Enquirer: 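This structure is in structure tokens; I'll ask about it shortly.
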Amino acid sequence: MESAHAHRKDEHLALAEAEYRRQQPVSSLEQVRLIHQSLPEIKISDVSTTIRDAKFNFATPFYIEAMTGGSTRTGRINEQLAEAAKETGIAMAVGSQSVALKDPHAIETFTIARKVNPDGFIMANIGAGHTARSAQQVVEMIGANALEVHVNVAQEVVMPEGDQNFLWLDNIIDIIQTVSVPVIIKEVGFGMDAATIKKLYNCGAKYVNLGGRSGTNFAVIENRRYRDKDFNYDFLYDWGQTTAESLLEAQSLKQKPTIFATGGIQNPLDILKAQILGAKAVGIAGHFLHTTLQDGTAGLVNEITHWQQQLTELYALVGARSADDLVNVPYVLSTELQNYKNQRKL
Ligand SMILES: Cc1cc2nc3c(=O)[nH]c(=O)nc-3n(C[C@H](O)[C@H](O)[C@H](O)COP(=O)(O)O)c2cc1C
């Protein structure tokens, strides 16, 4: 019999997939239109999408974002995701490992990712409510190359058994200063504003994942888990900043951490747009989960391989030999997004 915490992981998985099928998410990046150039003067063979970063030297600027582990079923998914990551050479994050700190039986549902992909770039994951000691433990558990510390206040509010205390900054500072690998502070899908990013930067955060709204929605997922209760949180379904809005928030800052983006990424064009708006690398969760459940590991490998090729072609389409050239790509924002930018004085 698995723990209640493990059961929650299965519920998240099932509900995320059910919501994905019910309502294929619309990426907020559709509100950004890139300007076509008929003469990019480039050869596709000259394009490199490799990221230049001392700590995150990914050959591919997108990766499998944190989702699974904690139960037998989600451990099996971690195994499949790790197989696909190994095959395609992309990075991967495991889901929150806090369950494995409480229940040793859950450890192998995370370590499987490292076992399958011994040389891959794998990120550990834990909530910001945990101590630096726990953070180091989850890093060592899977021999992680980096650690994601998730901040999920809106999810906790809607979650039936959610936390009540959100005093996280001291932990975050401690974790950044103590843990032996680079640390990314990551939202789970409600986005960030400029003030939060600045606060994190001033606390020593070098990497921040804006985790915007537009894809997997944890207000919906947790609310569905609540369905038999008297109280309902459906008024929070559109809470938070979208991925596009969060990227504009980050753009407005002169001094800032390296920005990662996640939330509603559906195709290689979304990845390109997120990079043009300032993301160094882009995480994909719900969509890759859907592909894995529907088409298995082989289907995910096939999709990632195509996306790698298509992203290279898209770089050529906008005349970019590397990510450095993406800052020069012209674009226009939808009226709604421009209005957001104006009102926020970004
Ligand atoms: C089933 C599922 C479980 C998730 N669990 C975690 C988690 O444990 N830790 C975390 O930081 N994010 C978690 N996430 C959030 C994703 O990493 C990502 O930030 C979010 O789903 C938005 O990306 P997407 O629209 O591509 O799904 C989970 C997402 C899904 C779909």
Side-chain angles (χ1 to χ4, degrees), residues 5-21 23-29 62-71 73-78 80-81 91-101 106 109-110 113 123-130 135 138 144 146-156 159 183-192 208-222 224-225 240-244 246 260-267 270-271 274 279 281-293 303 307:
H5 201 156
H7 179 62
R8 191 202 307 164
K9 299 288 159 190
D10 286 345
E11 280 189 318
H12 284 165
L13 180 83
L15 286 165
E17 174 62 3
E19 282 303 313
Y20 186 95
R21 283 173 194 256
Q23 197 174 37
Q24 288 246 340
V26 177
S27 160
S28 61
L29 292 157
F62 63 89
Y63 59 95
I64 302 169
E65 192 51 277
M67 288 185 279
T68 49
S71 64
R73 174 153 166 68
T74 56
R76 170 67 192 130
I77 307 266
N78 262 347
Q80 289 181 284
L81 297 175
M92 156 182 179
V94 296
S96 176
Q97 293 160 263
S98 62
V99 56
L101 294 174
T109 67
F110 296 100
M123 296 182 256
N125 187 291
I126 197 160
H130 290 268
V138 299
L147 169 70
E148 292 184 337
V149 176
H150 67 256
V151 286
N152 64 339
V153 61
Q155 180 186 7
E156 296 288 348
M159 193 189 291
V183 176
I184 306 171
I185 312 302
K186 168 183 181 287
E187 242 297 341
V188 300
F190 299 92
M192 284 194 195
V208 168
N209 185 334
L210 304 170
R213 173 167 67 79
S214 49
T216 303
N217 186 329
F218 272 96
V220 175
I221 290 176
E222 297 299 351
R224 293 259 184 270
R225 294 181 58 232
Q241 288 83 254
T242 65
T243 302
S246 303
F260 290 68
T262 295
I265 302 296
Q266 307 295 319
N267 57 51
D270 286 338
I271 297 169
V282 178
I284 297 113
H287 179 85
F288 281 166
L289 175 65
H290 174 70
T291 303
T292 309
L293 294 176
E303 178 163 69
W307 281 27

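Counting starts at 1 for both ligands and their atoms, in listed order. All values reported here derive from a predicted model rather than from experimental measurement. For the single chain, residues carry numbers from 1 onward in sequence order. Computed from heavy atoms alone, side chains included, the values below leave out hydrogens, waters and symmetry copies.
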Enquirer: When you measure from atom 22 (C) of ligand 1 to every protein heavy atom, which one gives the shortest distance, and what is it?
Expert: Thr262 CG2, 3.7 Å

Enquirer: Atom 8 (O) of ligand 1: which of Ala16, Gly263, Ser96 has the nearest heavy atom?
Expert: Ser96

Enquirer: Is the closest side-chain donor-acceptor distance between Glu303 and Thr291 under 3.5 Å?
Expert: yes

Enquirer: Name the closest protein heavy atom to atom 9 (N) of ligand 1, giving the residue it belongs to and the distance to 0.1 Å.
Expert: Asn125 OD1, 3.2 Å

Enquirer: Do side-chain atoms of Arg73 reach the backbone of Asp10 as a donor and acceptor pair under 3.5 angstrom?
Expert: no

Enquirer: When you measure from the side chain of Thr243 to the backbone of Thr262, do you find a donor-acceptor pair of N or O atoms at a distance under 3.5 Å?
Expert: yes

Enquirer: May I ask you to identify the nearest protein heavy atom to atom 26 (O) of ligand 1, giving residue, atom name and distance to one decimal place in Å?
Expert: Ala285 N, 2.9 Å

Enquirer: Indicate yes or no: does Glu222 engage Arg225 in a salt bridge with an N to O separation below 4.0 Å.
Expert: yes

Enquirer: Measure the distances from the heavy atoms of Phe288 to every atom of ligand 1 and state whether one is below 4.0 angstrom.
Expert: no

Enquirer: Taking the side chain from Gln155 and the backbone from Phe218, do they hold a donor-acceptor pair closer than 3.5 Å?
Expert: no

Enquirer: Taking N or O atoms only and a 3.5 Å limit, does Gly286 qualify as a polar contact for ligand 1?
Expert: yes

Enquirer: Looking only at protein heavy atoms, which one is nearest to atom 16 (C) of ligand 1, and what is the separation?
Expert: Ala66 O, 3.3 Å

Enquirer: Should you measure from each heavy atom of Gly215, which atoms of ligand 1 turn up under 4.0 Å away?
Expert: 25 (O)

Enquirer: With a 3.5 Å distance limit and no angle check, can you tell me whether Ser28 reaches the backbone of Ala244 through a side-chain donor-acceptor pair?
Expert: yes

Enquirer: Among all protein heavy atoms in this structure, tell me which lies nearest to atom 27 (O) of ligand 1, with the distance rounded to 0.1 Å.
Expert: Thr216 OG1, 2.4 Å

Enquirer: Which residue owns the protein heavy atom closest to atom 25 (O) of ligand 1, what's the atom, and how far is it?
Expert: Gly264 N, 2.7 Å

Enquirer: Ignoring hydrogens and geometry, is there a side-chain-to-backbone donor-acceptor pair from Asn78 to Phe110 under 3.5 Å?
Expert: no

Enquirer: Does any part of the side chain of Arg224, heavy atoms only, come nearer than 4.5 Å to the side chain of Glu11, both counted from C-beta?
Expert: no

Enquirer: Which atoms of ligand 1 are found less than 4.0 Å from any heavy atom of Gly95?
Expert: 8 (O)

Enquirer: Which residue and non-hydrogen atom of the protein lie closest to atom 10 (C) of ligand 1, and at what distance in Å?
Expert: Lys186 NZ, 3.3 Å

Enquirer: Is a donor on one side and an acceptor on the other found under 3.5 Å between the side chain of Glu187 and the backbone of Phe190?
Expert: yes

Enquirer: Starting from atom 5 (N) of ligand 1, which protein heavy atom do you reach first, and at what distance in Å?
Expert: Met67 O, 3.3 Å

